[in-house]
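The structure appears right after this line, and notes come after that.
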Number of protein chains: 2
Amino acid sequence: MEKLDRFDIAILKILQHDNFTPQRDIGQKIGLSAAAVQRRVKRMKAEGVIQRNVSVINREKIGRPITLFVEVIMESEKAEFIDSTKAIFRTTPEVQQCYYVTGDADFMLIIVVPTMHDYELLTRRIFFGNNYIKHFRTMVAMDLVKVGLDVSLDAIVL
Amino acid sequence: MEKLDRFDIAILKILQHDNFTPQRDIGQKIGLSAAAVQRRVKRMKAEGVIQRNVSVINREKIGRPITLFVEVIMESEKAEFIDSTKAIFRTTPEVQQCYYVTGDADFMLIIVVPTMHDYELLTRRIFFGNNYIKHFRTMVAMDLVKVGLDVSLDAIVL
DNA sequence: ATAAAAGTGAAACAAAATTGCACAAAAGCC
DNA sequence: GGCTTTTGTGCAATTTTGTTTCACTTTTAT
């Protein structure tokens with residue numbers, strides 16, 4: 001865990017909202033020179049605090065309007081089965097997010113597809129074709145109330 | 001839904017992976033001038049195809065190592081209750097993602113916190129304090145197998 | 001108290017994005 | 001078909017942004 005001061009936090013807050021914000025503007029907003037901002041951003045990238053920089057694409061505007069949640073329950077928790085199943089989910093483009101969890105389910109997936117028919121085909125491919133999967137439970141997203149990868153930076157202990 | 005040609009798709013693929021890729025490089029890779037790339041990106045931003053541009057912050061490096069899934073079941077589906085509950089989730093920083101879903105649950109939440117203790121305090125604040133919530137079911141993420149907001153662009157019909 | 005290390009602002013510099021312009025290809029329109 | 005309009009392109013000039021340099025200040029450790 002890296003040590004970050006209030007300037008770093010302030011920079012991260014801005015960047016996780018809009019990473020095209022000019023460093024001059026950031027500097028002005030938080031009371032630092034552009035060069036200082038530049039160095040801090042560079043450092044945080046190198047440290048891995050800033051993991052990556054991405055554009056978020058509107059799934060509806062490109063014909064992928066269906067978002068689904070899938071809870072997957074495995075037949076067994078054997079590491080071998082778990083790992084191979086992780087690999088499948090990781091490499092399936094329609095699987096936007098995949099988490100290995102404790103609790104009632106083993107995996108939680110978020111899947112984005114053009115139509116329910118595509119989802120049906122997908123289930124045949126990745127669920128019914130996998131003998132380690134006992135069963136799965138699907139929920140359809142009706143409203144994407146809040147979508148992002150933002151991390152709360154408000155109450156960071158300095 | 002906007003109409004996108006193969007160049008647009010190629011640009012989006014690159015940008016949703018790394019939006020700091022120089023437009024010259026993009027142009028070279030897909031066979032277009034930097035200016036053409038620039039105009040297409042500008043257009044797609046204006047159209048909302050590119051929704052936003054963000055830095056992804058490593059939750060562990062800033063002291064937020066706990067990721068949780070929460071299924072929320074409501075007492076009633078009255079629009080009034082649903083809407084006010086949406087508003088709470090939307091404005092709670094620890095709630096990274098919130099989806100209103102059909103199926104066994106009403107809401108699916110992804111929550112990111114420093115410790116389980118913080119989660120306990122959060123549940124008191126946003127779940128136990130809300131009379132419309134019948135109950136909730138928590139799953140703890142052990143492995144973030146795949147985390148992102150990428151949309152599959154492979155089989156786009158042109 | 002002093003030396004080393006780390007961080008800073010201002011200015012010079014380099015690299016990228018953006019704009020203007022002339023031209024070519026595709027889309028309506030008689 | 002021929003014509004115009006629209007849309008998109010590449011190249012070059014311009015502007016903006018990011019990066020490096022350097023002298024100076026603050027902090028840290030001895």
Side-chain angles (χ1 to χ4, degrees), chain A residues 1-58 60-63 149-151 153-154 156-158, chain B residues 1-58 60-63 149-151 153-154 156-158:
Chain A
M1 163 133 179
E2 321 294 333
K3 55 188 178 320
L4 307 168
D5 63 16
R6 67 190 185 84
F7 291 117
D8 293 323
I9 301 297
I11 291 169
L12 291 177
K13 269 194 201 179
I14 293 170
L15 292 184
Q16 84 171 342
H17 177 255
D18 176 12
N19 69 1
F20 277 12
T21 312
Q23 295 176 341
R24 287 155 206 231
D25 296 2
I26 297 175
Q28 186 153 24
K29 193 164 291 182
I30 68 178
L32 226 52
S33 74
V37 173
Q38 138 75 16
R39 281 185 289 257
R40 285 165 179 271
V41 171
K42 185 179 179 181
R43 172 178 53 77
M44 291 192 284
K45 275 184 191 168
E47 290 172 346
V49 173
I50 297 174
Q51 244 172 345
R52 48 214 184 89
N53 288 285
V54 302
S55 294
V56 179
I57 293 166
N58 187 327
E60 294 177 6
K61 300 236 176 186
I62 61 160
L149 296 176
D150 298 35
V151 174
L153 292 165
D154 290 315
I156 289 272
V157 186
L158 300 178
Chain B
M1 164 138 179
E2 319 295 332
K3 54 186 177 327
L4 306 168
D5 63 17
R6 66 189 186 83
F7 291 117
D8 293 323
I9 302 296
I11 291 170
L12 291 176
K13 270 194 199 179
I14 293 171
L15 291 184
Q16 82 172 343
H17 176 256
D18 176 12
N19 69 2
F20 277 13
T21 312
Q23 295 176 340
R24 289 157 205 236
D25 296 1
I26 298 175
Q28 186 151 22
K29 193 163 290 181
I30 68 179
L32 227 52
S33 74
V37 174
Q38 139 74 18
R39 282 186 286 258
R40 283 165 179 273
V41 171
K42 185 179 178 182
R43 173 178 54 77
M44 290 193 284
K45 276 184 192 166
E47 290 172 347
V49 172
I50 298 173
Q51 244 171 347
R52 48 213 185 91
N53 288 285
V54 302
S55 294
V56 179
I57 293 165
N58 188 326
E60 294 176 5
K61 299 235 175 186
I62 61 160
L149 297 176
D150 298 33
V151 174
L153 292 165
D154 291 314
I156 289 269
V157 185
L158 301 178

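Convention: sequence-line order gives letters A, B, ...; per-chain numbering from 1.
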Practice problem: Could you pick out which residue, B:Leu32 or A:Asn19, lies toward the 5' side of DNA chain D when each is mapped onto its nearest nucleotide? | Solution: B:Leu32

Practice problem: Identify, between A:Gln23 and A:Arg39, the residue whose nearest nucleotide on DNA chain D lies closer to the 5' end. | Solution: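 Result: A:Gln23.
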
Between [atom2] on [N] and [atom1] on [X], what's the gap in Å once rounded to a whole number?
X       : N      : atom1 : atom2 : value
A:Asn53 : C:dA16 : CG    : P     : 16 Å
B:Leu4  : D:dT7  : CG    : P     : 17 Å
B:Arg40 : D:dT9  : CZ    : P     : 4 Å
A:Ile26 : C:dT8  : CD1   : C1'   : 17 Å
A:Asp5  : D:dT28 : CG    : P     : 12 Å
B:Asp8  : D:dG8  : CG    : C1'   : 12 Å
B:Arg43 : D:dT6  : CZ    : P     : 18 Å
B:Gln28 : D:dT9  : CD    : P     : 17 Å

Practice problem: Mind checking A:Ala35 for me? I need base, sugar-phosphate or nothing, with any heavy atom below 4.0 Å counting as a touch. | Solution: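 Result for A:Ala35 = base.
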
Nearest to the side chain of [X], which nucleotide is it out of [options]?
X       : options                : answer
A:Ser33 : D:dG18, C:dG9, D:dT9   : C:dG9
B:Pro22 : C:dA17, D:dT20, C:dC21 : C:dA17
A:Gln38 : D:dG10, C:dA17, D:dT20 : D:dT20
B:Ala36 : D:dG18, C:dT8, D:dG10  : D:dG10

Practice problem: Could you tell me whether B:Lys13 and B:Asp8 make a salt bridge, using a distance below 4.0 angstrom between a side-chain N and a carboxylate O? | Solution: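 Between B:Asp8 and B:Lys13 there is no salt bridge, as every charged N stays at least 4.0 Å from the carboxylate O atoms.
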
Ignoring hydrogens and geometry, is there a side-chain-to-backbone donor-acceptor pair from [X] to [Y] under 3.5 Å?
X       : Y       : answer
B:Asn58 : A:Val49 : no
A:Asp25 : A:Pro22 : no
B:Lys45 : B:Gln51 : no

Quiz item: For residues A:Asn53 and B:Asn19, is any side-chain donor paired with an opposing acceptor at under 3.5 Å?
Solution: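 Result is no, nothing qualifies.
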
Quiz prompt | Any A:Lys42 side-chain N or O less than 4.0 Å from OP1/OP2 of D:dG18 | solution = no

Quiz prompt | Donor-acceptor pair present, B:Arg24 side chain and C:dA16 base, under 3.5 Å | solution =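 Pair found.
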
